[in-house]
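Written below as structure tokens is the structure these notes are about.
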Amino acid sequence: MPAKELDQIVNLCKRRGFVFPSAEIYGGFRSSYDYGPLGSLMLRNVKDAWVRTMVQLRDDVVLIDAAILGPPQIFEASGHLANFSDPLVDCTVCKRRFREDHLEDRDCPQSKKGCEFTESRGFNLMFKTVAGPVEGSGAEVYLRPETAQGMFVNFGNVLQTSRKRPPFGIAQVGKSFRNEITPGNFIFRTREFEQMEMEFFVPPADSAQWYSYWCTERLEWYVNLGIPRDMLRLRPHDADELSHYSAGTSDVEFLFPWGWGELEGIAQRTNYDLTQHSTHSGNKLDFFDQATNERYVPYVIEPAAGANRTMAAFMLAAYDEDIINDEPRTVLRLHPRLAPYKVAVLPLSKKETLTPLAKKIYADLSNRYMVDYDETQAIGRRYRRQDEIGTPLCVTVDFDSLEDNAVTIRERDTTQQARVAIADLMGELTLRLGF
Ligand code: ATP
């Protein structure tokens with residue numbers, strides 16, 4: 001049974017230490033969240049899985065890590081200073097502010113009846129701050145609203161140093177900031193979030209073909225990591241939704257408890273960004289193809305995903321409740337690559353005779369995997385906890401282990417158990433986890 005309510009996931013996140021409201025001891029800070037011991041591992045696994053697919057398993061994409069703070073020139077050229085705004089309306093009855101394009105039938109979600117909206121106005125979503133030690137004399141700088149510009153402004157540097165040529169991509173994972181008018185739906189929309197973006201530079205004539213290639217590849221990434229296909233869809237934007245530079249955009253959407261929501265946008269950005277930065281900076285950002293003796297400005301296909309939203313989607317899709325031995329259990333059927341812990345080592349009892357062997361197994365396995373170690377409570381309750389946090393495999397060390405040099409592997413999804421020689425344990429876990 002997939003999670004029907006967002007509340008089920010929000011509660012699990014709080015109870016087990018995945019996600020906490022930011023600044024909770026001061027009453028909370030609604031627009032951002034803190035990732036706890038398990039959530040920080042899982043978020044990192046989401047980002048690592050993306051880098052693995054997009055960079056490690058390909059020979060045509062490189063990774064960069066650009067600065068979060070940027071001078072106004074970047075955002076002048078990119079169009080963000082002029083255009084990166086959402087339509088803001090005020091309700092004069094309840095005094096709240098809304099994004100006009102999120103209102104259904106122009107009904108105020110708060111005051112319902114008797115709502116009175118002001119005219120909508122463009123509200124720029126960028127966070128501005130001041131760099132420099134002297135108050136009042138500092139330079140205005142911006143927190144990046146997307147990671148993409150880092151790839152465009154470094155196009156020349158990467159081209160010169162990486163030995164890549166179109167078609168090739170520059171990828172980046174990192175924080176972005178948007179002063180969202182209405183943050184909400186848990187970690188779906190926050191003012192500080194992480195993106196996983198790739199700019200794929202291609203010869204102009206090949207851009208349509210690469211666009212359709214990336215739409216397919218990106219949808220499959222979510223399926224391969226465990227989201228059922230019927231909870232995903234690829235939605236092409238209508239002509240009136242397209243950004244002025246876009247020749248086509250499709251969103252990968254997930255069926256959230258409140259309806260379809262975007263996980264990722266795949267956009268054909270033409271040569272807009274490189275041309276803009278070329279013009280504004282006075283530096284040529286193009287490619288000379290020695291084979292054809294032609295110089296051209298590459299076209300760009302951009303798959304742009306959000307790590308936090310995606311993590312929420314993976315959790316919602318994995319959430320399940322079933323009955324084991326007449327007892328209800330909650331289980332997070334996460335793909336092993338995404339699970340915070342791959343394995344938990346559980347000595348059957350806290351008795352000192354078991355500890356040295358259990359700790360040795362834990363240390364050996366930790367060299368290779370993120371492993372939990374837990375010797376509190378009854379074993380059944382410890383299994384339940386591992387099920388609920390998505391740990392695919394438990395390794396139980398019992399008193400027989402001291403005699404037969406074997407342990408029990410228990411599977412999260414089936415709860416089936418198998419006895420395995422300690423000497424074969426690593427191989428057996430590798431087989432079952434798939435890596
Ligand atoms: P939305 O329409 O939901 O505001 P967007 O179309 O503006 O999103 P993009 O600019 O395409 O988003 O950004 C790429 C991805 O970054 C999104 O698909 C989403 O996963 C993520 N993202 C964007 N804004 C936020 C946010 N405020 N909080 C969390 N993730 C975000």
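Note: hydrogens, waters and symmetry copies are ignored here, and every other heavy atom, side chains too, is used. Ligands are counted one by one from 1 in listed order, and the atoms in each one are counted from 1 as well.
- Taking a cut-off of under 4.0 Å to the non-hydrogen atoms of A304, the atoms of ligand 1 that pass are 14 (C), 15 (C), 18 (O).
- Residue, atom and distance of the protein heavy atom nearest to atom 13 (O) of ligand 1 are Q195 NE2, 3.3 Å.
- Near E180, meaning under 4.0 Å from one of its heavy atoms, ligand 1 places the atoms 24 (N), 26 (C), 27 (N).
- Counting only N and O atoms by type, the side chains of T249 and S246 include a donor and acceptor under 3.5 Å apart.
- Under the 3.5 Å distance criterion, with hydrogens and angles disregarded, no donor-acceptor pair is assigned to the side chains of R337 and N45.
- At a cut-off of 3.5 Å, with distance as the only test, no side-chain donor of S176 or E146 sits close to an acceptor on the other residue.
- Using cut-offs of 30° and 60° on the angle between ring planes, the pair W258 and F256 is parallel.
- Using the six-membered ring where Trp is involved, F200 and W210 have ring planes that are tilted, between 30° and 60° apart.
- Nearest to atom 21 (C) of ligand 1 among the protein's heavy atoms is G306 CA, 3.7 Å.
- When only modelled atom types and interatomic distance are considered, Y26 and E24 share no side-chain donor-acceptor pair under 3.5 Å.
- At the top of the distance list for atom 28 (N) of ligand 1, counting protein heavy atoms only, stands T190 N, 3.1 Å.
- Protein heavy atom at the shortest distance from atom 29 (C) of ligand 1 is F188 O, 3.1 Å.
- Side-chain contact annotation: T391 with Q386, donor-acceptor N/O pair under 3.5 Å present.
- If you check each of E197, E146, R178 against atom 9 (P) of ligand 1, the one with the closest non-hydrogen atom is R178.
- Proximity of L263 to ligand 1, defined as any heavy-atom pair under 4.0 Å, is confined to the backbone N, CA, C and O atoms.
- In this structure, R218 fails the cation-pi test against W214, since its NZ or CZ atom is not both closer than 6.0 Å to the six-membered ring centre and inside 45 degrees of the ring normal.
- Residue contacts with ligand 1 do not include N308, since none of its heavy atoms lies under 4.0 Å from the ligand.
- Protein heavy atom closest to atom 4 (O) of ligand 1, with residue, atom name and distance, is R189 NH1, 2.7 Å.
- Of all atoms in ligand 1, listed by their number and element, those nearer than 4.0 Å to a heavy atom of R99 are 4 (O).
- Side-chain polar atoms of R30 and T190 form no donor-acceptor pair below 3.5 angstrom.
- In this comparison of F254, F177, F193, F84, the heavy atom closest to atom 25 (C) of ligand 1 sits on F193.
- Remark: among candidates R309, E262, E302, the nearest residue to atom 18 (O) of ligand 1 is E262, based on non-hydrogen atoms.
- Among the atoms of I187, none of the N or O lies under 3.5 angstrom from an N or O of ligand 1.
- Set against the non-hydrogen atoms of E264, the atoms of ligand 1 under 4.0 Å away are 18 (O).
- In summary, the side chains of T279 and Q276 do not present any donor paired with an acceptor at a separation below 3.5 Å, with no hydrogens or angles considered.
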